[in-house]
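Structure provided below as structure tokens; questions to follow.
Numbers here simply count residues along the sequence, with the first being 1.
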Amino acid sequence: MPCPKASLAPSCEIDFDNDGKHHGYIRIQFSSDRSAYGWIPVPVMSIRNGAGPCAIVIGANHGDEYEGVSICNELYQTLGPHDISGQVIFLPAANAPAYYSGRRTSPVDWTGEANLNRLFPGNQYGSPTEMIAWYITNQLVHRADAIFDLHSAGKSIDHHPSVKIRLMGVEDKDALQMKFLHLFGAPLGIVGNRVHETTLSGEALPRNVIYVSTELGGAGKIRPWIRDFAFNGMKRCLREMGILPSDLDLPEPEHAVRLMEMQTDENYIYANKDGMFEPRVNLGDDVEDGQFAGYIWSLKEPWLAPERLHFKKGGVVFCKRTPALCEVGDTLFFTLNGYRG
């Protein structure tokens, strides 16, 4: 009889089919110089109470985005099985190696810059980040009726807070997604008409799973006003799904959402020289086509006149680079335009 092969694929310490409240780790096998037979712990939690809808709530898809971590943690610590019908699965630090090191990307992969949300659907025997992507794609996505991927912008970028959906062409699901946009309580609601390959949204939508994402500020920090409306908004969405009770008393949405379309190439301003970036508009401002946006100053020749930046396409200033120093190719701004659907 041939010798059977043992698997080094990712495994999980909890059983998602069990009722109750459970937590543990997804184990990502990783033989490293520091730990020859080790594994990387990716925290995962589940609250389940019988049959019913299932939501997956994700934080730190990028490791320096902290608002989603906080929301996952408090929801798990304050809810019990008796509070819900169905299931909520929490993945508070999806790109755990990046989160532990305070980086957007994982330092433990072959490139040293592994971006989880560019590696889906993953590889069960690949690098650590590819294995995390594989586990989410193959062991979690099919369980969900809706995935809430709570992004912010990370250290290098700041965003005016938003929630985003991608239309599926399924009437009842798109109606529910539009309801989520209003319930979440963010100032901006983005309605998308496309998904990108190698992202989690690119894996969820073909499987007919609702995928909702956010940009809850950024700059590598947590702002209380953003985190708090997002926490309430997450509970309002779970209530709308029927996971939380319909009579649960929650605050009304903190902001009347302004519906926007996904950005196109014309909405971006990129740096085309190295230097010091000086913005002259603020996040959330309304700007016009061609409007002055800021400067790039020379680092080593300060006597030179700065390069003047202008918006190609006006709209709401949605994204702004955080560090002052920039290099050719860095995104400095982008705008969003009103939804015309």
Locate the shortest heavy-atom distance separating Pro10 from Gln124; write the atom from each residue and the value.
CD-O, 3.4 Å
Start with the C-alpha gap between Arg194 and Arg166, add the side-chain angles, then the distance that decides, and say whether side-chain contact (heavy atoms from CB on, under 4.5 Å) holds.
CA-CA 6 Å; Arg194 62 191 183 275; Arg166 285 81 169 170; over 6 Å; no
Can you confirm whether Glu266 is buried at CD, in the sense that more than 12 heavy atoms of other residues, nucleotides or ligands lie under 6.0 Å from that atom?
no
Shortest non-hydrogen contact between Asp145 and Gly52, atoms and distance
OD2-O, 4.4 Å
Salt-bridge contact Glu215-Lys164 (side-chain N to carboxylate O under 4.0 Å)
no
Supply the atom-to-atom distance Leu250 CG to Arg236 CZ, rounded to the nearest 0.5 angstrom.
7.0 Å
Does Tyr99 have more than 12 heavy atoms from other residues, nucleotides or ligands lying within 6.0 Å of its OH?
no
Is there a donor-acceptor pair closer than 3.5 Å between any side-chain N or O of Tyr37 and the backbone N or O of Phe30?
no
Is there a donor-acceptor contact under 3.5 Å from the side chain of Gln291 to the main chain of Glu288?
yes
Please check: side-chain N/O of Arg34 versus main-chain N/O of Gly38, any donor-acceptor pairing under 3.5 Å?
no
Check the hydrophobic clustering (I, L, V, M, F, W, Y; side-chain heavy atoms under 4.5 Å; chains of links allowed) and say if Tyr25 and Leu91 are grouped together.
no
Within 6.0 angstrom of His310 NE2, more than 12 heavy atoms from elsewhere
yes
How far apart are the C-alpha atoms of Ile58 and Leu150, what are their side-chain angles, what is the distance that settles it, and do they pass the side-chain contact (heavy atoms from CB on, under 4.5 Å) test?
CA-CA 6 Å; Ile58 296 175; Leu150 303 181; over 6 Å; no
Same apolar cluster: Leu188 and Leu181, side chain cutoff 4.5 Å:
no
Evaluation steps, side-chain contact (heavy atoms from CB on, under 4.5 Å), between Val163 and Ser213:
CA-CA 6 Å; Val163 60; Ser213 65; over 6 Å; no
Enter the distance from Leu216:CG to Arg227:CZ here, rounded to the nearest 0.5 Å.
10.5 Å
Test log, rule salt bridge (charged side-chain N to carboxylate O under 4.0 Å, His left out), inputs Asp17 and Arg143:
CA-CA 10 Å; Asp17 293 326; Arg143 294 180 174 274; 2.9 Å; yes
Kindly indicate, with the supporting measurements, whether the criterion salt bridge (charged side-chain N to carboxylate O under 4.0 Å, His left out) is fulfilled by Lys313 and Asp289.
CA-CA 5 Å; Lys313 193 170 184 178; Asp289 292 0; over 6 Å; no
Hey, mind stepping through Asp330 and Tyr270 against side-chain hydrogen bond (donor to acceptor under 3.5 Å, both in side chains) and telling me if it holds?
CA-CA 6 Å; Asp330 287 338; Tyr270 296 104; over 6 Å; no
With the 4.5 Å side-chain cut-off for hydrophobic clustering, are Ile210 and Val170 part of the same group?
yes
Side-chain heavy atoms nearer than 4.5 Å, only ILVMFWY residues, links allowed to pass through others: does that put Val317 and Leu332 together?
yes
Within the side chain of Asp109, is there an N or O that forms a donor-acceptor pair under 3.5 Å with the backbone of Ser106?
no
CD (Glu203) and OG1 (Thr198) are apart, to the nearest 0.5 Å, by 9.0 Å
Under 3.5 Å, is there a donor-acceptor pair between the side chain of Lys173 and the main chain of Asn208?
yes
For the rings on Phe148 and Phe180, is their centre-to-centre separation under 6.0 Å?
yes
Salt bridge flag under 4.0 Å for residues Arg258 and Asp286
yes
Test: Asp64 and Lys155 ion pair at under 4.0 Å
yes
Please work out whether the ring planes of Phe16 and Tyr135 are parallel, tilted or perpendicular, with thresholds of 30° and 60°.
tilted
Nearest 0.5 angstrom please: Glu252 CD to Asn232 CG, how far?
11.0 Å
What pair of heavy atoms forms the shortest contact from Ile71 to Ala230, and how long is it?
CD1-CB, 3.6 Å
Main-chain N/O of Ser32 paired with Ser35 side-chain donor or acceptor, under 3.5 Å:
no
Heavy atoms from other residues, nucleotides or ligands near NZ of Lys21 exceed 12 (cutoff 6.0 Å)
yes
Can a salt bridge be assigned to the pair Lys320 and Asp285 using a cut-off of 4.0 Å between side-chain N and carboxylate O?
no
CZ/Arg280: more than 12 non-hydrogen atoms of other groups inside 6.0 Å
no
Within the 6.0 Å centroid threshold, strictly below: Phe333 and Phe311
yes
Decide side-chain hydrogen bond (donor to acceptor under 3.5 Å, both in side chains) for Asn193 and Glu261; before the verdict, give the C-alpha distance in whole Å, the side-chain angles of both, and the deciding distance to 0.1 Å.
CA-CA 8 Å; Asn193 58 5; Glu261 294 188 335; over 6 Å; no
Within 45° cone of Tyr268 ring axis and under 6.0 Å: Lys312 NZ or CZ
no
To the closest 0.5 Å, what do you measure between OG (Ser11) and CD1 (Ile26)?
9.5 Å
Are the side chain of His82 and the backbone of Leu79 linked by a donor-acceptor contact shorter than 3.5 Å?
no
Nearest heavy-atom pair of Ala93 and Val42: which atoms, and what distance?
O-CG1, 3.8 Å
In terms of side-chain geometry, is the basic nitrogen of Glu113 or Arg103 positioned less than 4.0 Å from the acidic oxygen of its partner?
yes
Donor-acceptor contact present, side-chain His255 to main-chain Gly185, <3.5 Å
yes
Just wondering, do Leu75 and Phe90 contact through their side chains at under 4.5 Å, heavy atoms?
yes
Is it true that a side-chain atom of Arg27 and a backbone atom of Ile40 form a donor plus acceptor pair closer than 3.5 Å?
no
Mark yes when over 12 heavy atoms from residues, nucleotides or ligands other than Phe231 sit less than 6.0 Å from its CZ; otherwise mark no.
yes
Which of His62, Glu65, Glu67 passes side-chain hydrogen bond (donor to acceptor under 3.5 Å, both in side chains) with Ser152? It is Glu67
Would you compute the distance between atom CG of Asp158 and atom OG1 of Thr322 and round it to the nearest 0.5 angstrom?
5.0 Å
So does Asp265 have more than 12 non-hydrogen atoms from other groups sitting under 6.0 Å from CG?
no
side-chain contact (heavy atoms from CB on, under 4.5 Å) assessment of Asn61 paired with His151
CA-CA 7 Å; Asn61 189 324; His151 288 260; 3.5 Å; yes
Check whether Asn73 reaches the backbone of Ser70 with its side chain - one donor and one acceptor, N or O, closer than 3.5 Å.
no
Locate the shortest heavy-atom distance separating Ala114 from Asn95; write the atom from each residue and the value.
O-ND2, 3.6 Å
How close do Asn117 and Leu200 get, counting heavy atoms only, and between which atoms?
OD1-N, 3.0 Å
Flag side-chain contact, heavy atom, 4.5 Å: Ser31 against Gln29
no
Membership question, hydrophobic clusters at under 4.5 Å side-chain separation (ILVMFWY): are Ile296 and Phe334 in the same one?
no
